[in-house]
Visitor: 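If you scroll down you'll find the structure; I have some questions about it.
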Amino acid sequence: MAGTTLRDVAQRAGVSIRTVSNVVNGSVPVSDELRTRVEAALEELEYRPNLVARNLRRGRTGMIALVVPELDVPYFAELAREVITAARAHGYVVMLDQTDGDGERERELLGRESRATMFDGLLLSPLTISAEELRSRTNRVPVVLLGEHIFNGNFHHVAIDNIAAAREATEHLVSLGRRRIAAIGDQPYSTGETAQLRTIGYRQALERAGLALDPELVVPTPRFHRRLGAEAMERLLALPEPPDAVFCYNDLLAIGAMHALTRAGLRIPEDVAVVGVDGIQEGRYSSPALTTVAPDKAAIARSAVGTLIAVIDGTAPPPTETKAPYRLVVRQSTAGRAAGSAG
């Protein structure tokens, strides 16, 4: 109830204020019998701790930061929602920022002591910064990494297995009898590691199916945006022998590709089947509904937030690479109208 204090709880439980404080803050172990009495009193009186005061006593802000390349990309917006939910369960508030995929912004974020004091820890989805730059950063704010930038186990890192996910998506197209399968989204340069991993999975699936790789069917894009997906699909349709299926490296590219196919008068999936990655809500309501590899964004958020708080508290194990779950969600863009209720 409003205005309930530690003294009120102590009187109800018949213990000292210090014992109640130890239970609430988890700072000093107490016996099971005392903990049960205190927790019962806390529940009866509907005690709500003053998180601001608690954090000030601990020298903390009670806030963590989530920094992603682009907040207007649906995947990152949906992930941010899950991070906020996970952080709230731990009593933390989330600050949001974006880097626009710019390396200087990432370096600035990791180098400004004044900014680091605004939050207790950082969830970062980097595109350009190197492992060495992370190790040599001037501020020591705890960091957990998201996304597929490769850091070789030197940092806490949460991501899906992009090679396996891309391989499964491509194998799904193979299982439909498609034999000329294109890929949209390759990024053969130093900051394109996510795309490169997905290209590996795509190539592995073709190899396992005994299908030759046609370099003309692999179309690079500098970003994973709708317009670029449409332009890449138009390029593929201009080939002497266009593809009968396309694996797009994210859902936005896939939605752009489907737009180009529809404008060209082609049927999806009868003429060209389409698969994306990310499991965004927009794909569920596109026309046709998009088949996608959907990472478990809630699991990613829970794992990343839990790990970051453990690092902040000094209880985290050595840096680990955590592989988050994902699933292939089959919808109309590969299975036709029979999949209309899927997903």
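In this chain, residues are counted from 1 in sequence order.
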Visitor: Given 3.5 Å as the limit, does a donor-acceptor pair link the side chain of Gln187 with the main chain of Thr221, or not?
Guide: yes
Visitor: Mind checking salt bridge (charged side-chain N to carboxylate O under 4.0 Å, His left out) for Arg88 and listing every partner two or more places apart, or none if nothing turns up?
Guide: none
Visitor: Among residues two or more places apart or on two chains, list those pairs meeting salt bridge (charged side-chain N to carboxylate O under 4.0 Å, His left out) that have a residue in residues 202-221.
Guide: Glu171-Arg208, Arg180-Asp214
Visitor: Drop me the distance from Leu127's CG to Thr194's OG1, to the nearest 0.5 angstrom.
Guide: 7.5 Å
Visitor: First locate atom CE of Met258, then atom OG of Ser333, and finally report the distance between them rounded to the nearest 0.5 Å.
Guide: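 Reported to 0.5 Å precision, the distance equals 5.5 Å.
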Visitor: Could you tell me if the side chain of Ile181 sits less than 4.5 Å from the side chain of Tyr202, heavy atoms only?
Guide: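 Counting from C-beta outward, Tyr202 and Ile181 do come under 4.5 Å.
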Visitor: Are any non-hydrogen side-chain atoms of Pro269 and Arg178 less than 4.5 angstrom apart?
Guide: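 When only atoms from C-beta onward are counted, Arg178 and Pro269 do touch, with a gap below 4.5 Å.
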Visitor: Any salt bridge between Glu231 and Arg227, counting N to O under 4.0 Å?
Guide: yes
Visitor: Does a side-chain heavy-atom distance below 4.5 Å link Leu252 with Pro74?
Guide: yes
Visitor: What is the distance from atom CG of Leu146 to atom CG of Leu123, rounded to the nearest 0.5 Å?
Guide: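 Rounded to the nearest 0.5 Å, the CG-CG separation comes out at 5.5 Å.
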Visitor: Any pair with a residue in residues 218-276 that passes ring-ring contact (aromatic ring centres under 6.0 Å, His included), sequence neighbours left out, goes on the list, sorted by first then second residue, please.
Guide: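 Output for this query lists Phe247-Tyr249.
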Visitor: Looking at residues at least two apart in the chain, or sitting in another chain, which of them share a salt bridge (charged side-chain N to carboxylate O under 4.0 Å, His left out) with Arg226?
Guide: Glu282
Visitor: Using only atom types and a distance under 3.5 Å, with no angle test, would you say the side chain of Arg331 pairs donor to acceptor with the backbone of Leu290?
Guide: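 At least one qualifying donor-acceptor pair exists.
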Visitor: According to salt bridge (charged side-chain N to carboxylate O under 4.0 Å, His left out), who are the partners of Arg105, at least two apart in sequence or on a separate chain?
Guide: Asp100
Visitor: Determine whether Thr320 and His156 make a side-chain contact, defined as any pair of heavy atoms from C-beta on separated by less than 4.5 Å.
Guide: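 The answer is yes, as the side chains (C-beta and beyond) meet within the 4.5 Å cut-off.
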Visitor: Suppose the criterion is salt bridge (charged side-chain N to carboxylate O under 4.0 Å, His left out): which pairs have a residue in residues 11-23, not counting sequence neighbours?
Guide: Arg12-Glu44
Visitor: Identify every side-chain donor-acceptor pair in residues 303-312 under 3.5 Å, counting partners at least two apart or on other chains, and give the distances.
Guide:
from	atom 1	to	atom 2	distance (Å)
Thr307	OG1	Ser303	O	2.8

Visitor: Checking side-chain hydrogen bond (donor to acceptor under 3.5 Å, both in side chains) for the pair Thr291/His172: CA distance, chi angles, key distance, verdict?
Guide: CA-CA 10 Å; Thr291 293; His172 172 61; 4.7 Å; no
Visitor: Please lay out, stage by stage, how Phe76 and Gln98 fare under the test side chain to side chain contact (heavy atoms under 4.5 Å, CB included).
Guide: CA-CA 10 Å; Phe76 291 121; Gln98 66 178 18; over 6 Å; no
Visitor: Could you note down all residue pairs passing salt bridge (charged side-chain N to carboxylate O under 4.0 Å, His left out) where residues 257-267 supplies at least one of them, sequence neighbours left out?
Guide: Arg267-Asp271
Visitor: Nearest 0.5 Å, please: how far is CG in Leu45 from CG in Asp8?
Guide: 6.5 Å
Visitor: In Å and rounded to the nearest 0.5 Å, what is the CG to CZ distance from Leu66 to Phe119?
Guide: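 Here the interatomic distance stands at 11.0 Å.
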Visitor: As a quick check of understanding, evaluate side chain to side chain contact (heavy atoms under 4.5 Å, CB included) for Val94 and Met63, giving each step before the final call.
Guide: CA-CA 6 Å; Val94 179; Met63 292 187 287; over 6 Å; no
Visitor: Please lay out, stage by stage, how Arg179 and Val174 fare under the test side chain to side chain contact (heavy atoms under 4.5 Å, CB included).
Guide: CA-CA 7 Å; Arg179 292 298 178 264; Val174 172; 3.8 Å; yes
Visitor: Check whether any side-chain N or O of Asp120 sits under 3.5 Å from a backbone N or O of Ile64 as a donor-acceptor pair, and report yes or no.
Guide: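 It does not hold such a pair.
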Visitor: Val329 and Ala294: which non-hydrogen atoms are nearest, and at how many Å?
Guide: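 Minimum heavy-atom separation between Val329 and Ala294: CG2-CB, 4.0 Å.
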Visitor: Main chain of Val218, side chain of Asp186: is a donor-acceptor contact present, judged purely on distance under 3.5 Å?
Guide: no
Visitor: Test of understanding: with side chain to side chain donor-acceptor pair (under 3.5 Å), list the residues that count as partners of Asn250, not counting sequence neighbours.
Guide: none
Visitor: Test: salt bridge (charged side-chain N to carboxylate O under 4.0 Å, His left out). Region: residues 290-299. Which pairs qualify, not counting sequence neighbours?
Guide: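 Listed by first then second residue: Glu78-Lys297.
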Visitor: So, using side chain to side chain donor-acceptor pair (under 3.5 Å) as the criterion, who are the partners of Glu82 when residues are at least two apart?
Guide: none
Visitor: Can you confirm whether Ile300 sits close enough to Pro295 that some side-chain heavy atom of one is under 4.5 Å from a side-chain heavy atom of the other?
Guide: yes
Visitor: Restricting to salt bridge (charged side-chain N to carboxylate O under 4.0 Å, His left out), what partner residues turn up for Glu33, sequence neighbours left out?
Guide: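 Result, salt bridge (charged side-chain N to carboxylate O under 4.0 Å, His left out) vs Glu33: Arg37.
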Visitor: Given 3.5 Å as the limit, does a donor-acceptor pair link the side chain of Thr292 with the main chain of Gly279, or not?
Guide: yes
Visitor: Got a second to check how far His90's NE2 is from Asp313's CG, nearest 0.5 Å?
Guide: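 Here the rounded value is 10.0 Å.
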Visitor: In sequence, state the C-alpha distance, the side-chain angles, and the governing distance for Leu237 and Leu261, and then conclude on side chain to side chain contact (heavy atoms under 4.5 Å, CB included).
Guide: CA-CA 8 Å; Leu237 292 177; Leu261 288 166; 3.9 Å; yes
